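Shown next, in structure tokens, is the structure this report addresses.
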Amino acid sequence: MTPEEIVADLNSKNRDALYARDDYRNLTHEQVLALMDAAAMQGFKLGSNVSLSMVKGALLVQLTRTVGAQKDRSGA
């Protein structure tokens with residue numbers, strides 16, 4: 001997913017969560033801040049998962065190259 005697609009998806013989910021509340025027009029400042037915190041945490045978790053996947057992918061590529069180079073040297 002592109003960054004724009006990720007933001008659009010999070011935006012849609014956050015709006016759905018907000019408008020699912022019967023009292024969304026009468027939220028207190030604290031309730032709004034709590035919803036904003038929850039949305040920020042959701043974005044943070046998604047970003048962390050994407051970063052972890054990228055690191056795992058880079059490590060897999062490096063490991064594959066190392067194993068391939070060792071096989072080439074050993075003649076296997």
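Everything numeric in this text was worked out from a predicted model, so none of it was measured. Reckoned from all heavy atoms, side chains included, excluding hydrogens, waters and symmetry mates.
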Quiz item: Hey, are the side chains of L27 and L18 touching, using non-hydrogen atoms and a 4.5 Å cut-off?
Solution: yes
Self-check item: Within one Ile-Leu-Val-Met-Phe-Trp-Tyr cluster: L10 and M41, side-chain cutoff 4.5 Å
Solution: no
Exercise. Without swapping roles, check the side chain of S12 against the backbone of A8 for a donor-acceptor pair under 3.5 Å.
Key: no
Quiz item: Could you state the interatomic distance from NZ (K56) to CG (L60), rounded to the nearest 0.5 Å?
Solution: 11.0 Å
Self-check item: Straight-line distance of L33 CG to E30 CD, nearest 0.5 Å
Solution: 5.5 Å
Practice problem: Heavy atoms only: give me the nearest N26-Q31 pair and the separation to one decimal. | Solution: O-OE1, 4.2 Å
Exercise. Applying salt bridge (charged side-chain N to carboxylate O under 4.0 Å, His left out), name anything that partners D23, two or more places apart in sequence or on another chain.
Key: R21
Quiz item: Would V50 end up clustered with V61 when hydrophobic side chains under 4.5 Å apart are linked, directly or stepwise?
Solution: no
Quiz prompt | Stepwise side chain to side chain contact (heavy atoms under 4.5 Å, CB included) test for N11 and R15 | solution = CA-CA 6 Å; N11 188 324; R15 287 176 184 275; 2.6 Å; yes
Quiz item: How long is the gap from OG1 on T66 to CD on Q62, to the nearest 0.5 Å?
Solution: 5.5 Å
Quiz item: Does CG belonging to N49 count more than 12 external heavy atoms closer than 6.0 Å?
Solution: yes
